[in-house]
Undergrad: 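Below is one structure. I have some questions about it.
Scope of the values below: all heavy atoms of this structure, side chains included, with no hydrogens, waters or symmetry mates. So you know, we letter chains A, B, ... as the sequences are listed, proteins then strands, and number each from 1. Being a predicted model, the structure only gives us computed values, none of them experimental.
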Amino acid sequence: MKFTEEHEWLRIEDDGTVVVGITEHAAEQLGDVVFVELPDVGTVVSKDDEVVVIESVKAASDILAPIDGEIVEVNEILVEEPGKVNDDPEGDAWFFKVKVEDMSQMDDYMDEAAYKKFIG
Amino acid sequence: MTDDTRKADDAGKTDLAQYEVSDVCGCGVNHGPGGHVHHHADHSEDHGPKRTPLYDLHLELGGKMVEFAGYEMPVQYPMGVLKEHQHTRAKAGLFDVSHMGQVILQSRLANVAEAFERLVPVDVLGLKEGRQRYAMFTNDEGGIEDDLMIANRGDHLLVVVNAACKDADVARMRAALEPDVIVRLLDSRALLALQGPMAEDVLAGLNPAVREMKFMDVATLELAGAECWISRSGYTGEDGYEISVPEAAAVDLARALLAHDDVAPIGLGARDSLRLEAGLCLYGHDIDATTSPVEGALNWAIQKVRRSGGGRSGGFPGADRILSELVGGAPRMRVGLLPGGRAPMREGVELFAAEDSPEPVGRVTSGGFGPTVGAPVAMGYVPTAMAVPGTVLYGEVRGKRLAVEVVKVPFTPANFKR
């Protein structure tokens, strides 16, 4: 698993797609999530595009595409049950899967130890 | 009256924005941090936010502290905003509202109630001893400078005002009422609120006399060994009490209440969602110096005796505009708004009459997710012709026009003990 400074996690699946979610630290800081808006499957995204909107009881936030590629699957259950983002942010509550063009972009991101250090 | 959660939309991040809290007051005074006189000697720095007598208890309970209206206040506890909200509606929540201003108005010579009517469009003379009433300070343009509670406590009035406005309110009262009336801002009493369906049973455990109080009654009763000034009122839409307690006894009283299984500490976050569902105004947001009481849909707070044709008609700041609007209506009004989808419509969202109309007709002044409603809820201002329940408008959220229905407030039924 890799981590971004924007508190996203990325995991490479067996089929080579990359799954993206937010970290437990991010979910805790956001507070109770009450709304999730997901991108359409098939959307081609560039790194830093705004792809997901999440709103907690406190505020609205955007999640950026951490990597170039095509959205091949989204976790629809989060639309109906946004609270899952707080319950299991690094497991069931993934946001989307990307078919990645250039896997070397993953190299920019932190491993778990580095991320833990980053959030202090 | 207290909390302020806003959209903090720093583009492009899993934005770990904390609550943005502001001192928006509208009373013309810059309430920057440290701009007030400190009133708790135990926090002796000259700058930075003030602390209430319960500050250490908030930390002990795991409260996440933010600055609000010049005070360090708990925005939430480990339970989290959603569960705190639900706990208050189901059982009882304990709130520290000591940041609010408690002001005593007293005189041996003048009739304090009569004098106070020069500042507010409500019937103060008719307020019986042992009763409390909602009011607002108005300005010469008919706008609202602050909203407040007035209690008739026999030989004096006790006025409770918003934290961010209290210095301006005290200055206003002194300018208008002194020297006939003595205006005293209390600096040695905390204010707690116990709210929710179990509040009566919990508080009766400390003093059974609280059961006899009806909604908006006030009484002086002993709780946990301290003389407390209690009102049966609150800011959640639930039954409950607000308790003015001597500073030195505040922590003991809070602990005695929290010892009850049904009581949890509740932060400003849930206080805001509770009052929003209850359709109650947050000063500086839903009402301010530019909104009149009629625009704010607060006509109910202006009794007949102060209206045109009443025995003490007018005689308060902005009476010309307010009396005329009470008869003929105002061009815009505060309404409840129920977004059709799941996306919250927060403060600042612009409202349009149609999906494609170029100019907005109004805007959201408070909005968020309503945990009890289970959906987003909001309040805002719309032209009076569009203030009819059932009217469908469109709120623009992230560039998209989303349907939103004008509805009556409260969003959740009030559970007062009348």
Undergrad: What distance separates B:Arg346 CZ from A:Glu55 CD, expressed to the nearest 0.5 Å?
TA: 4.5 Å

Undergrad: Is A:Glu37 in contact with chain B via its backbone, its side chain, both, or neither, using a 4.5 Å heavy-atom distance?
TA: side chain

Undergrad: Work out which heavy atom in A:Gln29 is nearest to a heavy atom in B:Lys64; give both atom names and the distance.
TA: O-NZ, 4.1 Å

Undergrad: Please determine whether the number of non-hydrogen atoms from other residues, nucleotides or ligands lying under 6.0 Å from atom CG of B:Asp261 exceeds 12.
TA: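 12 or below, so no.
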
Undergrad: For A:Glu28, does the CD atom sit with more than 12 other heavy atoms under 6.0 Å from it, leaving out its own atoms?
TA: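 Result for CD/A:Glu28: open.
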
Undergrad: With a 4.5 angstrom heavy-atom cut-off, which part of A:Ser56 approaches chain B: side chain, backbone, both or neither?
TA: backbone

Undergrad: For A:Val53, is it the side chain, the backbone, both, or neither that has a heavy atom closer than 4.5 Å to a heavy atom of chain B?
TA: side chain

Undergrad: Within a reach of under 6.0 Å around NZ of A:Lys97, are more than 12 heavy atoms found that belong to other residues, nucleotides or ligands?
TA: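 Enclosed.
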
Undergrad: Side chains of B:Pro344 and A:Val34: closer than 4.5 Å at any heavy-atom pair?
TA: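 Answer yes - side chains close enough.
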
Undergrad: Nearest 0.5 angstrom please: B:Gln76 CD to A:Asp32 CG, how far?
TA: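 Those atoms lie 7.5 Å apart.
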
Undergrad: I need the A:Glu50 CD to B:Arg398 CZ distance, nearest 0.5 Å.
TA: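 One gets 10.0 Å once the value is rounded to the nearest 0.5 Å.
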
